[in-house]
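What follows is one structure encoded as structure tokens, with my remarks underneath.
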Amino acid sequence: MTEVFINGLGLIGSSLARAIKQKNPEIKIIAADLNQDALEYALQQKIIDKAADSLTAAQTADFVILATPVNEIINSLQQLSKLPLKKGMIITDVGSTKQQIVAAAAVLPAQVTFISGHPMAGSHKTGVTAGRADLFENAFYFIVAPAVPPEMIIRLQDLLQQLHVKWLQLTPEQHDRLVGQISHLPHIIAAALVNQTQRAFEDSPLGMRMAAGGFKSITRIAAADPTMWSAILHTNAAIIAEQLQDYQNELVKVRRAILIDDQSALYHFFATAKVSRDQLGPEKIGGLPGFYDLFVNIPDKVGSLAKVTQILAAAKINLVNLHILEIREEIDGVLQLTFMKETDRTTAAKILNEQHYQVISRK
């Protein structure tokens with residue numbers, strides 16, 4: 001029986017537990033959390049099978065998921081390194097920054113594999129009761145795993161298959177710079193705007209009520225867990241400081257244009273933003289260009305999907321995502337394989353053809 005240990009039953013940890021159980025109820029899930037009420041709730045709702053009071057319960061698990069704030073993930077890696085961990089164990093995390101986490105994982109013993117991860121999904125709600133099995137549906141799930149064998153990454157993806165995410169592999173620095181700009185910086189801006197609005201309307205209850213209605217998305221972002229966000233800024237300080245300075249420089253230019261009534265500069269400011277936004281196109285929001293899809297017929301038999309992924313892993317071909325588009329009893333299904341590089345798609349098609357799989361041409 002596959003055993004999964006989850007440290008942290010907040011929004012992300014409990015959502016992962018729900019999704020894993022939904023895919024395979026036979027998987028045994030053990031969890032630890034400082035909040036005893038969270039553990040009791042998870043047991044009552046059958047989200048987990050057993051509660052633990054420390055990381056020592058993780059040493060026999062096949063998978064360990066660290067779903068706590070970043071600073072606690074780093075501490076957990078240090079604690080795990082001192083335990084007699086099961087050979088072949090995969091340890092992963094869901095932290096929002098990666099460089100410090102990957103560096104901290106260097107202390108883990110050689111018999112385990114560390115694959116750092118980050119699902120780009122969340123909610124302003126927190127805690128075990130806010131978790132949902134479909135929280136990550138169609139979201140990007142970043143994998144940061146330098147020098148990790150492809151077959152180990154596929155093992156983790158198979159465990160989390162019910163998430164229905166879009167897998168994307170990045171380096172630690174690429175990850176931290178990307179999420180710094182699209183996630184961390186916007187949270188800082190949202191929190192600063194809410195604080196500034198509070199000061200501006202401290203003598204006007206009506207003003208704050210109006211702001212609550214007009215700033216829905218901003219106030220939702222600003223409502224995020226302060227413990228988590230202070231830890232994120234601590235572990236991505238240099239990149240965020242640089243991006244924050246660039247943003248401040250933009251505001252200084254706009255302020256100067258307003259003061260001198262430079263209509264040309266103001267028009268250019270808004271026009272540039274509109275062009276950038278329009279170039280994305282409404283159908284492309286949330287997507288990334290440059291992915292390459294391959295469609296393959298697979299038989300309706302147990303193990304068919306695993307066989308395809310094993311063939312690709314043996315050829316050291318990295319998958320971004322896989323999805324079964326069509327499957328009916330006693331009729332072949334259509335498996336959509338997504339690759340980051342066109343050369344990977346071409347090589348995969350050649351190898352699968354040689355293994356007598358039918359590759360389908362789709363526009």
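Sequence positions, counted from 1, serve as the residue numbers for this chain.
One hydrophobic cluster, built from ILVMFWY side chains closer than 4.5 Å, cannot hold both Val254 and Leu193; they sit in different ones. Linking ILVMFWY residues whenever their side-chain heavy atoms come closer than 4.5 Å, directly or via other members, places Ile188 and Tyr247 in the same cluster.
A salt bridge links Glu173 with Arg177: the closest approach of a Lys/Arg side-chain nitrogen to an acidic carboxylate oxygen falls below 4.0 angstrom. Taking 4.0 Å as the cut-off between side-chain N and carboxylate O, Asp93 and Lys98 count as a salt-bridged pair. A salt bridge between Glu342 and Arg345 is present, with a side-chain N of the basic residue lying under 4.0 Å from a carboxylate O of the acidic one. A salt bridge links Asp49 with Lys21: at least one charged nitrogen is closer than 4.0 Å to a carboxylate oxygen.
Annotation: the span from Leu83 atom CG to Gln59 atom CD amounts to 5.5 Å, rounded to 0.5 Å. Atom CD1 of residue Ile91 and atom OG of residue Ser116 lie 11.5 Å apart, to the nearest 0.5 angstrom. In this structure, Thr68 OG1 and Asn75 CG are separated by 8.5 Å, a value rounded to the nearest 0.5 Å. The distance from atom CG of Leu156 to atom CD1 of Ile143, rounded to the nearest 0.5 Å, is 5.5 Å. One distance of note links CD of Gln79 with OG1 of Thr56; it measures 9.5 Å at 0.5 Å rounding. Separation of atoms CD1 (Ile317) and OG1 (Thr346) is listed at 10.0 Å; rounding is to 0.5 Å.
In this pair, His184 and Trp229 present their aromatic rings perpendicular. The plane angle is above 60°, beyond the 30 to 60° band.
Across Leu16, Val70, Ile6, a single residue satisfies side-chain contact (heavy atoms from CB on, under 4.5 Å) together with Val94, and that is Leu16.
Using modelled atom types and a 3.5 Å distance limit, the side chains of Asp62 and Thr2 yield no donor-acceptor pair. Judged by distance alone, the side chains of Asp246 and Gln248 never bring a donor and an acceptor atom under 3.5 Å apart.
Within a 6.0 Å radius of CG in Leu34, other residues, nucleotides and ligands contribute 12 heavy atoms or fewer. By the 6.0 Å contact criterion, CD on Glu354 is enclosed, its count of non-hydrogen atoms from other residues, nucleotides or ligands being greater than 12. The environment of NZ in Lys50 is sparse: at most 12 heavy-atom neighbours from other residues, nucleotides or ligands sit within 6.0 Å.
Judged by distance alone, with hydrogens and angles left aside, the side-chain atoms of Gln243 form a donor-acceptor pair with the main-chain N or O of Gln181 at under 3.5 Å. Formation of a donor-acceptor pair under 3.5 Å by the Lys23 side chain with backbone atoms of Asp158 is found in this model. At distances below 3.5 Å, at least one donor-acceptor pair connects side-chain atoms of His187 with backbone N or O atoms of Ser183. Using a distance-only test at 3.5 Å, with no hydrogens or angles considered, no donor-acceptor pair links the side chain of Thr347 to the main chain of Asp344. Under the 3.5 Å distance criterion, the side-chain polar atoms of Gln111 are left unmatched by any main-chain donor or acceptor of Gly88. The backbone N or O of Ile115 lies less than 3.5 Å from a partner atom in the side chain of Thr92, making a donor-acceptor pair. At distances below 3.5 Å, at least one donor-acceptor pair connects side-chain atoms of Asp262 with backbone N or O atoms of Ala265. Gln174 places a side-chain N or O within 3.5 Å of a backbone atom of Thr171 that can act as its donor or acceptor partner. Listed for the Asn236 side chain is no donor-acceptor partner under 3.5 Å among the backbone atoms of Ile239. The closest donor-acceptor contact from the side chain of Thr235 to the backbone of Ile232 lies under 3.5 Å.
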Q.
Applying side chain to side chain contact (heavy atoms under 4.5 Å, CB included) to Val165 and Phe140, what does each step give before you reach the verdict?
A. CA-CA 6 Å; Val165 294; Phe140 284 102; over 6 Å; no
Q: Check the pair Met89 / Phe63 against side chain to side chain contact (heavy atoms under 4.5 Å, CB included), numbers first and verdict last.
A: CA-CA 6 Å; Met89 173 190 290; Phe63 296 89; over 6 Å; no
Q: Might you work through the side-chain hydrogen bond (donor to acceptor under 3.5 Å, both in side chains) test for Gln355 and Asn353, ending with a clear yes or no?
A: CA-CA 5 Å; Gln355 295 290 327; Asn353 268 320; over 6 Å; no
Q: Tell me, with the steps shown, if Thr97 and Asp176 meet side-chain hydrogen bond (donor to acceptor under 3.5 Å, both in side chains).
A: CA-CA 6 Å; Thr97 63; Asp176 288 358; 5.1 Å; no
Q: Could you give me the CA-CA distance, side-chain angles and deciding distance for Phe114 and Ile101, then say whether side chain to side chain contact (heavy atoms under 4.5 Å, CB included) is met?
A: CA-CA 10 Å; Phe114 180 70; Ile101 287 176; 3.6 Å; yes
Q: Show your working on side chain to side chain contact (heavy atoms under 4.5 Å, CB included) between Leu43 and Glu40 and close with a plain yes or no.
A: CA-CA 5 Å; Leu43 285 169; Glu40 290 176 12; 5.6 Å; no
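The minimum heavy-atom distance linking Gln358 with Asn297 is given by the pair OE1-ND2, 2.8 Å. Contact detail for His175 and Ser96: the closest heavy-atom pair is CE1-O, 3.2 Å. Taking each heavy atom of Ile12 and Pro119 in turn, the nearest pair found is CG2-CG, 4.2 Å. In terms of heavy-atom proximity, Ser14 sits nearest to Val128 at OG-O, 3.5 Å. Closest approach of Ala349 to Val359, counting heavy atoms only: O-CG2, 4.1 Å. The nearest pair of heavy atoms linking Ala52 to Leu39 is O-CD1, 4.0 Å.
Residues Val194 and Gln198 are not in side-chain contact: their nearest non-hydrogen atoms beyond the backbone lie 4.5 Å or more apart.
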